[in-house]
Amino acid sequence: MHPTQLRTESLHDPHGLDEDRPRFSWWLTADGHDHRQQAWRIQVCDEDGAVCWDSGRVDDDRQHHVRYAGTPLRPLTRYTWQVQVWDESGQVSAPSAPAHFITGLRDQPWQAQWLHHPVPALPPLPQFRRRFQVDTGLRWARLVISARGLVEPWLDGQRLTEDRFIPGWTDYRQRLHYRLFDLTDRLTPGAHCLGAIVAGGWWKGQIGPWPAGFYAGDNDPLQVLGELHLGYDDGRHEVIASDASWQAGHGAVLEASLLHGEHVDGRRCDPAWCTVDASDAGWLPAAQRERDSVRLLAHPGVPVRVLAELPMRSCTPAGDGSWIYDCGQNLAGIVRLTLDQPAGTIIRLRHGEMVEPDGSLYVDNLRSAKATDCYICRGEPGEVFEPRFTFHGFRYVEITGLREPLPLCALRVLALGSDTPEAGRFTCSEPMIERLQSNIRWTMRANFLEVPTDCPQRDERLGWTGDAQVFAATAIGNADCEAFFRKWLADIDDARGDDGGIPDFIPARVRGSGADAAWGDVATVLPHVLALHYGDPDLLAAAWPLMRGWCDYCAQYVEADGTRRRNFCYGDWLAPDNDAPPTGKALMDRSGKTPKALIQTAYYIHSCRLAARAGEAAGDQTAAAALRQRAAAARAAFHRTFVHADGRIGEDTQTGYVLALAFDLLDPAQRPVAAAHLAADIHRRGDHLATGFVGITDLLPMLADHGHLDLAYALLHTQDYPGWGYSIAQGATTIWERWNGWVAGQRPDDPMNSYSHYAYGSVGSFFYRWICGLAPLEPGYRLARIAPHPDGGWRHAGYRYDSIAGPWEVAWQAAEGGWAYRITIPPNCRARCRLPLGSASSLIWDGPAPEGQREGAYLLVELGSGRYTARPS
Ligand code: BGC
């Protein structure tokens, strides 16, 4: 057995960690079966090779979130660590390949001052620079940098990093992040120049549909804060901190806005601006301002990067001297142009997700977002325009300003998003379902951009809580989101009100209440989902105040009859169960038909139960018991108010049944009755779903769990409205906000109509956890359930998942009399399997047959680690 894939705070070799005692995780590799880790030993060394922690052999089977317990970590220091493990037979492995992490500034006070341009508020964007000298004997060099705005750091004429949108998005009034860059290998003795370009980003530009000024006023200048730390062999430690010795200038970026786009005048571009020999003409001493008390912390998440580069597929003239280019994929990102045009040529790129029937760009759904980049050519052959401080949600780009169209190869589409490592791969025999999975993945890429957003195109792009709450489990099934969500969980904590209320979207405009059922419940659902999937043993206790606060907040709205009612609630957002025709128009009540009090009461019960578990984890048994009692009382009220004598629930809507079943609100005898009513409603609608954001996640799982697997498969394949197949039949490459977002021959007349909105993509978890059947039974996948639901006439389906404990695989294939299975369980993990047999009497295993037990048409078997294949006998 051998340890691999070492991670610190769930990141590979992170630079800039503020934790006092970071946590270590690793995978194990081993041939054969039933391997367990009996003990581990971790060694951590600083950069001088001094051992800071040697755990010695620790008899413990944990392989993730193991806390550092050595001497106190120093700031800005590179630590290397290795782990060694003992297997079940006492065999010790060789030490793993080394991993490293670099600590952040930690509690060391900043010496730097915030810098701004002395003539603020004037375009172009400000840039800053400082020349400095490196002596011989440099041992290490580390830059910490932040901004009020977005900063692009430069060194010696080049961008320092391809990461974008530094320092990310937080409620800047409360918490600001910095990033750390290790420059040790980039600095040689001699003269150098450090630079920074600063744009407005989330701090100063327009956010959402409101005028700019979320965090910064009109007169607040864009600012940068940075310190370059140089450590020498002789022990000298030099700090080049942002202060009045820096110079401020203006560059070529005339304007940059996340929503509206970026304008660059290539003629103003001085490639040498950040070099030792640059001219000083036009540069002034930077102005500085006192540092305030805002918390500055190392960025704990994952950077935004280019996730994929796509070619353009076609170019069509669109009249008025414009051309529409299509890259074939809706995404969030930008277009890079390589140009050969006369100096002064002005090129405009307007981005959109759809084209109108007349071939022009459809932009109504961008609302006030201009989504337009503009470049004035310098006149150099092969010059490149690539916006750095904006992104757009688009598939098509309209280009104006040229006499001839650009060749396709002059345009490259760069998909941008938070670089959450790919962790799940679902495949199957059905092309339409594979397309749906791809659409889910692309919608996630487009919307996991620093925070989980609702959409990437219109003047919104906010961290809507409800959307992320319903999608979280699917997101985790696709990518390693631990660090990404941990960062957002801190944002949620910053945003909650003193009464426990949660805003609609986070980072928030106004702290505190706003959100209601299913939206605010992100406060309980997200910690629960994270703890379950990633097995972080500290998370629930840490989230306990947040979770409990939300339940207390909700309790204020519990009426005398025991149900929860607050007049404001989004309801089952965009559910088509008011029987609206598929017009694409805003005819329907956006909240759907499921009674809001039903949704509020159901979610209240669910949240109280989840919070109670966190209370238990935090050791607050009394408060946990009180929450359980509240849940029980609300459940009784739910029965009195919403469960009718004939077993119908509420207004007989699909979402009402789904919530009652998924949140375990019914007595055992009531469950099949509710499921039958649910199925009946689906049949009544000609085998169509009718749920909105709230009901969608558990619709298919509840059908599958209650004897209606065929119907779940049938819904997946529905080709017409409302259903997933409808958008796919219209050529969708991402998930739409509305089931009827685009109807051929009719222009949508409601601009709230995004083509990249992941809520309905939460069906993904049905693929991974039901169709393939992999789900954690113990936090962190030490013990998992493998209960595939093969059917639907599919020939095969498979899912590979890189859990925190190692890679899993479950795949099934139709075979004579039943299904053949392929299962991989990582070392140190076990699975409880429930494998459908079809008409076979048992399974034939390649290799030694595990002992199983038949239960009806299933084989129940518990498997230890290793690879297994079996076929029907
Ligand atoms: C957003 C959502 C959000 C909803 C709340 C919309 O504008 O795009 O996805 O959840 O408002 O009702």
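Read the numbers this way: they start at 1 and go in the same order the structure lists the ligands and their atoms. Since the structure is predicted, the reported quantities are computational estimates derived from the model, not experimental observations. All residue numbers refer to positions in the sequence shown, counting from 1.
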Colleague: Going by the closest heavy atom to atom 5 (C) of ligand 1, which one wins out of Y758, W464, F505?
Modeller: W464
Colleague: Test your reading of the model: is there a side-chain donor-acceptor pair from S591 to the backbone of Y570, 3.5 Å cut-off?
Modeller: yes
Colleague: Counting each atom of ligand 1 from 1 as listed, which ones have a heavy atom of E737 under 4.0 Å away?
Modeller: 8 (O)
Colleague: For D454, take its heavy atoms, then give the atoms of ligand 1 lying under 4.0 Å from any of them.
Modeller: 1 (C), 8 (O), 9 (O)
Colleague: Taking the side chain from S756 and the backbone from C455, do they hold a donor-acceptor pair closer than 3.5 Å?
Modeller: no
Colleague: Compute the centroid of each ring, for W724 and then for F767, and state whether the two points are separated by less than 6.0 Å.
Modeller: no
Colleague: Is it true that R164 and D419 make a salt bridge, defined as a side-chain N closer than 4.0 Å to a carboxylate O?
Modeller: no
Colleague: Start with the C-alpha distance between E737 and R458, add both sets of side-chain angles, then the distance that settles salt bridge (Lys or Arg N to Asp or Glu O under 4.0 Å), and finish with yes or no.
Modeller: CA-CA 12 Å; E737 178 176 26; R458 67 174 173 237; 2.9 Å; yes
Colleague: With a cut-off of 4.0 Å, which atoms of ligand 1 are near a heavy atom of F693?
Modeller: 9 (O)
Colleague: Name the closest protein heavy atom to atom 4 (C) of ligand 1, giving the residue it belongs to and the distance to 0.1 Å.
Modeller: W573 NE1, 3.6 Å
Colleague: What residue and atom, counting heavy atoms only, is the protein's closest point to atom 7 (O) of ligand 1, and at what distance?
Modeller: E460 OE2, 2.8 Å
Colleague: Is Y570 close to ligand 1, meaning an N/O of one under 3.5 Å from an N/O of the other?
Modeller: no
Colleague: List the steps, then state whether salt bridge (Lys or Arg N to Asp or Glu O under 4.0 Å) holds for D491 with R175.
Modeller: CA-CA 9 Å; D491 296 333; R175 180 166 45 98; 2.5 Å; yes
Colleague: Counting distance only, does the side-chain N/O of E262 pair as donor-acceptor with the main-chain N or O of P387 below 3.5 Å?
Modeller: no
Colleague: Taking non-hydrogen atoms only, is R590 closer than 4.0 angstrom to ligand 1 via side chain, backbone, both or neither?
Modeller: neither
Colleague: For ligand 1, which atoms have a heavy atom of R458 less than 4.0 angstrom away?
Modeller: 1 (C), 6 (C), 7 (O), 8 (O)
Colleague: Nearest to atom 10 (O) of ligand 1 by heavy atom, T453, L574, D467, N447: which?
Modeller: D467
